[in-house]
Protein chains: 2
Amino acid sequence: MADMSGRVLGTGKSGSANIMTDMETARLNILDATHAAFAEAKIDIAAIPSASAVLGLAGAIVGGNGQKLQMTLPFQHSLVASDGVIALQGALGDNDGTVVIIGTGSLFVSRAGDEIRFAGGWGFKVGDLAGGARIGRDLLEETLLAHDRFHASSPLTDAVMARFESNPYKIVEFAHSARPSDFGALAPLVFEYAARNDAVALAILRKAVMQIEEGLDAMMPAGPERLSLIGGLGALFGERLSAPYKAKLQKPLNDALTGAVQLAVKNFAAAGKEAVHG
Amino acid sequence: MADMSGRVLGTGKSGSANIMTDMETARLNILDATHAAFAEAKIDIAAIPSASAVLGLAGAIVGGNGQKLQMTLPFQHSLVASDGVIALQGALGDNDGTVVIIGTGSLFVSRAGDEIRFAGGWGFKVGDLAGGARIGRDLLEETLLAHDRFHASSPLTDAVMARFESNPYKIVEFAHSARPSDFGALAPLVFEYAARNDAVALAILRKAVMQIEEGLDAMMPAGPERLSLIGGLGALFGERLSAPYKAKLQKPLNDALTGAVQLAVKNFAAAGKEAVHG
């Protein structure tokens, strides 16, 4: 939480707040994090009803979820925004430009004046082609293709096969119940081997970079626009972009939490009270 | 079921027999189908203990599942084989060659003398790159990429979008809970639009054909070997193969059930009793 000058007074953490799958748990975790932030700031929680909140949540723009949540929160003013908007604000400040948030998934957000456009972020099953879950899933696929001798093996596919006790059925079993984050946990291995010029690792990342650049072609107007790659894997991709994109690449100005505070200050300046971000 | 000359006496159907996920249900469904076949053949089920059975089941070669099941069945002799072996025997008879079974998944089986090799069939999440589930999943992915304007749309992606009420979140929702067969149910649409030269449909099928041919390169020795594409989508792919593969392509001699009876006759000739296939 921050005061209206944007100075951070305290922070609080709690469980995940997925308003698409479980609105009530999300609400409780938001309140829990709010209490923790007030405690750290040494402000009585009796002040919550006079605070304003900006919440950056995945799925905020789906089916009115954000508005539904907004109405159940105890703050004087609440603004539930997409996590992408918060991240964009953090990375670009008030500048126009595009951010690609690459973690388990991949989400494109761009701003031109008042207009904010989203693309991607559909989940790794039928989208998020540059995200860690896809990279990890691709790695398992290539490992099985190497096992079948359909594709060439590499030190990376050998390492994965060894990790699954040289038993392809263990890979199938893993994939059967793996969550996106379980697939995504394999992505750092691909970057690690790519740094050693492993052919399979390089091919997987080349494909992911192609996906990023296809997205940028669609999202970025020509011209000297800011571009930032953020999220857990964002920075790792920067050096792999081709020259025209690399030329536009800039370090993110700030993180998503700072973005939330900035939005709170902008939106609730009139209210003149503390701002909370979730 | 058939007599030892291979003449079919009766057939029986029951639920699925997935010995990887539920051995006991598989066993009950096999017995159920056996009873139905004996009833149709008008043979007393008291004869079951003197019959021999060949069972073609997916997952038969995984972790000793087939052998475990074999020991719990009431037949005089039981042989639990991969469904791929049964299909191979049906399609090729006693000839050497390769079959690709393309339905929801894609499985390669080839025989050279006594040696049978398998590849693929790992499930659509990390394999089965030419199967219907992958084709359906690719279609949803392309529809979302068209929605995001990352890729060009086509009449096919427009039709899919309309089917999901022009709401990309409905696609995400569908994909979230879709079983392989649900994705696979979209595959015929891709073939339908490919026949009308839809660019997205053609691209999806070109990718699938490339996967088939990569597999054949690895599985088929050079020379005049038999090749058959079977399964629900197999025949649809025949005309799309490139010339060298098309030249080797032959219609399957028989179906998988005939293959099972042939294997039963071969394996249990000495027993001289009725053969059951599951």
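Reminder, nothing fancy here: chain letters follow the sequence lines and each chain counts from 1. Not measured: the values here are computed from a predicted model.
Ion pair R149(B)/E214(A) not flagged as a salt bridge, since none of the NZ, NE, NH1 or NH2 atoms sits closer than 4.0 Å to an Asp/Glu carboxylate oxygen.
Annotation for L140(A) and V126(B): closest pair CB-CG1, 3.8 Å, computed over non-hydrogen atoms. Here the shortest heavy-atom pairing between A218(A) and F150(B) reads CB-CD1, 3.6 Å.
Checking side-chain atoms of D148(B) against main-chain N and O of G120(A) turns up a donor-acceptor pair under 3.5 Å.
When each of M219(A), Q211(A), H151(A) is scored by its heavy-atom pairs under 4.5 Å with chain B, the top score falls to H151(A). Listed options H147(B), K125(B), E142(B) were ranked by heavy-atom pairs under 4.5 angstrom with chain A; first place goes to K125(B).
Around CD of Q67(B), the count of heavy atoms belonging to other residues, nucleotides or ligands within 6.0 Å does not exceed 12. Applying the 6.0 Å contact sphere to CD of E165(A) captures no more than 12 heavy atoms from other residues, nucleotides or ligands.
Within the 4.5 angstrom heavy-atom criterion, only side-chain atoms of L129(B), from C-beta onward, approach chain A. Looking at L145(B), only its side chain comes within 4.5 Å of chain A, counting heavy atoms on both sides.
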Trace of the side-chain contact (heavy atoms from CB on, under 4.5 Å) decision for E141(A) with W122(B): CA-CA 9 Å; E141(A) 186 169 299; W122(B) 304 115; over 6 Å; no

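For L249(A), the side-chain contact (heavy atoms from CB on, under 4.5 Å) partners at least two apart in sequence or on another chain are L227(A), L229(A), L241(A).
Contacts from residues 174-186 of chain A to chain B, taken as heavy-atom pairs separated by less than 4.5 Å, involve A175(A), H176(A), F183(A) in sequence order.
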